[in-house]
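Since we're looking at a predicted model, the values are computed, not measured.
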Amino acid sequence: MGEIVEVGDRIRIRKGENVYEGILMPSDAGREIISVKLDNGYNIGFRRRDLAVEVLEKGKPFSATMPRMEISYRDELPDIAILGTGGTVASKIDYQTGAVYPAFSPEELLMLVPELSELANISGKEMLSIVSEDIRIRDWKDMASSIYDHIEGGYDGVVVTHGTDTLHYTTSMISFMLRELPVPVVFVGAQRSSDRPSSDAAFNLISSVNFSSSDCKEVVLCMHADMNDEFCHVHRGTRVRKFHTSRRDAFTSINSSPIARVYGGSSIEFLSDYKDESNGDMVLDTAVEEKVGLVKTYPESREVLSCLIDKGFKGVVLEGTGLGHAPMSMRDEIDRGIEEGMFFGMTSQCIHGMVNMNVYRGGRELKEKGVVPLGDMLAETAWCKLCFALGHYDSHDELREFMLSDIAGEITDRSHVDEYNYQR
Amino acid sequence: MDYEALGLRVGLEIHAQLDTEKLFCSCPTILEDSHDYSYERRLRPTMSELGEIDPAAKEEFTKGIVNIYKGSLEGTCLVYADEEPPHQPNEEAIYILLQISSLLKADIVDQIQFMRKIVIDGSNVSGFQRTALVALNGSATSRHGNVMIPTICLEEDAARLVEKAGNTKIWNVDRLGTPLVEIATDPSMHHPDQARDVALFLGQVMKSTGRLKRGIGTIRQDVNISIKGGNRVEIKGVQELNLIDAYVRNEATRQLSLLSIRDELASRQAGPIGPEMKDLSKIFEGTACKIIKGGAYGIRLPKFKGLLGKEVQKGRRLGTEMADYSRKYVKGIFHSDELPAYGICQEEVSKVREALDVGEMDAFVMVAADERVASKALAVIAKRANMALEGVPNETRRPLPDGNTQYMRPLPGRSRMYPETDVYPILLTKELLDDVMTNLPELPEKRIERLRHEYGISDENARKIVDWDIEELFVSSQREHGMPLGKFLRLYETITMLSREGIVIDDPDLIDSFMALHEKVPLESYEDILRHAHREGCSVDAAIDSLGISQTSEEQVRKVILDVIGSNAGTIDEKGMDAFKPLMGKVMAELKGKSDGKTISAILHEELERIIK
């Protein structure tokens, strides 16, 4: 067999007395297994060494040219930009190879989610293409700039598609980097891959585009509220977290209520207060410090802190236990860090509830040393905020004041009774 | 009928449920009507890279169909709610497929890759069914010749449709995810008996693994049939294996009839039929026909005279076929070949003929409905009439209990498939395959032969034992307890009868102890003992004692009989041997359950004869 066999070629394979024909598919198992798509549609794998392979016809290069689609601009509809960062909320499938391709252009989005054309004039763009667990601070800076430019360019709202793993980190960081928003910035993702008919992607996207022309001038996150395809919840970007590895309703508001329910492309029901005014001067501010730690305390977690201090970190958000406690065994390292000029803020692993370091002696002592209790802020949000704070301030007092002031709804001093296990 | 000359071609597709946990999670595969939760979903059609959306999928979606899924907390999990990625496939299920594939001498793949087959009717929560091709090119044997088995697949069963009302479908997810083995033959079978025999053979092969679920609906057969000049028709969901040959015969007959109708229409030079209908309502104002309550509309079918009433299957006519096509819109249709009838008089018929301009060789069809519904119904009927000009339509049909079939829906197009990337492909190791080969279950025929030889039992009884899958039990009844076959079969039949009442006797120790005591227990008491033991939760011995059943010795039986004879001398004088019956009654009243009816009867007979002499 001297000829080269390539993926996409039509081949005939002989295995003993059996003969099969099909298209050569890419194979995960590398050289050992040959994967073939038979004419009946099934893919099968055979050990290469048992086969005689013959090329019947060379494959044609795949070109995903979709039919041209007429998109008409409607004056009465808002102009919404859909910016992609890598999370696919719309995709096309090549049934020949099984490959799944993300869809970005307005034409593609409208073909896959035609309901959008009733809600807005959309334009789509890929800002970034990464899996969200790989996101880095510099990506946030690029993202904030791009969103800023689009809003400056006249869009009535911006929807950003994003992977769900770190979605709540992004919404927090962008909430600090972009302020006095004149329009909504709605982040959206999908828990089920968008190539499947049951995906939550389309419904989430429709709800997001719908909400993006509302008067809510904040960075928010819009995802399924429960197992039903009935309505999505819109959460404040600094008050939300992913709580389940796989469920559609993984995202939940913490220490706050969701801002709204969105019934797909139809009604929006506001559930709590939100910012509906801005001073007209949108601010893009991407100055952040990268050497900031987020440390979950646990018995024997002292060494983790030592490493960060040794590496010259400027600040650490502690995710302590209960009301905001850290093990005694960490005390000396906390002291050392503070002496080096590091800022320490305290949040809780409990996730829900406010920290209060006045109640027990351990808490009080930490506070006296200079660890700042961060109220009812989420640990991940607090980390984003501290990165931002350290990009602007040096002194402990300035930092403390900034961390404790309400920039984007991330900290309050009232805990409402219905904010824990709220009715979906 | 000469099936060869007809060019009969039959293919089978069998789906059987495996008795394991679900295919991609660890939930049990038990059916449960009650549920603890429900949620609603809409499935969206997916698009190929060429911008193609499946039209059937788009239609479902634009109708706004909402699927409501219900499940029990105990029996279901997030995987089959499409809220968690699938776990790795059930290893037991894979093993069973490898056994079946080996028994059918198929070529097993080296790496199993699961695919997603798009299914948008709501029966799969994710909008696709996971399916994998495990083996190819197997063969099934039958008296009429071997048939090739191109594919043996492992796939997930679908959710159960509980209710469909308007735009809402309610599903029960208990069955969703049950592993299914799918065996497809090529369409080369050429005789109805062959189809039945192959179906039986495949059923036996699958059952020989001992891991198939039992009961109604656990095996589904789809039969594909065509004759030369006809068209492929799929009969979907045949449950009765023994009727398969009847379905094939009747379908061949039906296709032949449709072809002769086509030929007749051609010789009459019939042309295409338009759907233009006429309003006949005025003709039926004040009609005696109770079915027409307002609107009545009709179309003319030129050159169709006599053909609507022509039988295509026993008791079913071309007109019946048309009525089935329009069933979505109207309950039934009227056609000229059967009128006047149903309260419609000759005068009305004549007026209709006039209104529709029905000529001598023409027929007409009429429906009782409002204009909107009638136009839909008659359009479909016109469509079916046009199909009659071509011959046999491609369609999926539903089996009826009498061996006939009824139109169900058009033949579906090929479903889209693409790889299931959440599940890593499974490499089949040599060790695994060697294990399968060295532990292959025996094919039924071999088992039957072996039982006959080893135990000297009849072919019929050996077949019973293999069919009911009670070999092990039988063998232990023989080897360990020397239980006579008759008693063994009676024991098993009694257990089966009780299980239908919900009384499940499955404790191996209990059954074993019963068999051990078989000499002590007369046949008539089997049921009583088992019921008692089950109810009281006691041993067989204790049950026997409680019920006062004892194998009375022959001596004692004789004594009782002599007593009865003694007290009934008068009856004997009067009736002679005819006294047997009444006396037997009295004897049994005293001895019932304490001895074999056969023994008692023999002794009574003996003693009676002696006395009479």
Using the ring of A:F243 (Phe, Tyr or Trp, six-membered ring only), decide whether A:R241 places NZ or CZ under 6.0 Å from its centre and within 45 degrees of its axis.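 Yes.
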
Examine whether an atom of [X] lies under 4.5 Å from a heavy atom of chain A, and if so say whether it belongs to the side chain, the backbone or both; otherwise answer neither.
X      : value
B:I108 : backbone
B:P85  : both
B:M115 : side chain
B:L133 : both
B:A132 : backbone
B:F61  : side chain
B:L428 : backbone

With a 4.5 angstrom heavy-atom cut-off, is it the side chain or the backbone of [X] that approaches chain B, or both, or neither?
X      : value
A:R248 : both
A:F203 : neither
A:D200 : neither
A:S193 : side chain

I'd like to know if the side chain of [X] and the backbone of [Y] have a donor-acceptor N/O pair within less than 3.5 Å.
X      : Y      : result
B:R41  : B:G122 : no
A:N228 : B:E40  : yes
B:N172 : B:D174 : yes

Can a side-chain donor-acceptor contact be found between [Y] and [X] if the only test is distance below 3.5 angstrom?
X      : Y      : result
B:S415 : B:K117 : no
B:E155 : B:T131 : yes
B:S139 : B:N146 : no

If you tally heavy-atom pairs under 4.5 Å against chain B, which of A:R47, A:Q191, A:M25 wins?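 Between A:R47, A:Q191, A:M25, the count favours A:R47.
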
Most heavy-atom pairs under 4.5 angstrom with chain B, which of A:S246, A:P197, A:G45?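 Heavy-atom pair counts peak at A:P197.
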
So, A:R192 and B:D422, do they make that salt bridge, N to O below 4.0 Å?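 The answer is no: the pair does not qualify as a salt bridge.
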
Strictly below 4.0 Å, N to O, side chains only: are B:R175 and B:D157 in salt-bridge contact?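 Between B:D157 and B:R175 there is a salt bridge, with a charged N closer than 4.0 Å to a carboxylate O.
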
With chain A, which of B:V109, B:D107, B:L43 has the greatest number of heavy-atom pairs at distances under 4.5 Å?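 Maximum pair count with chain A is reached by B:D107.
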
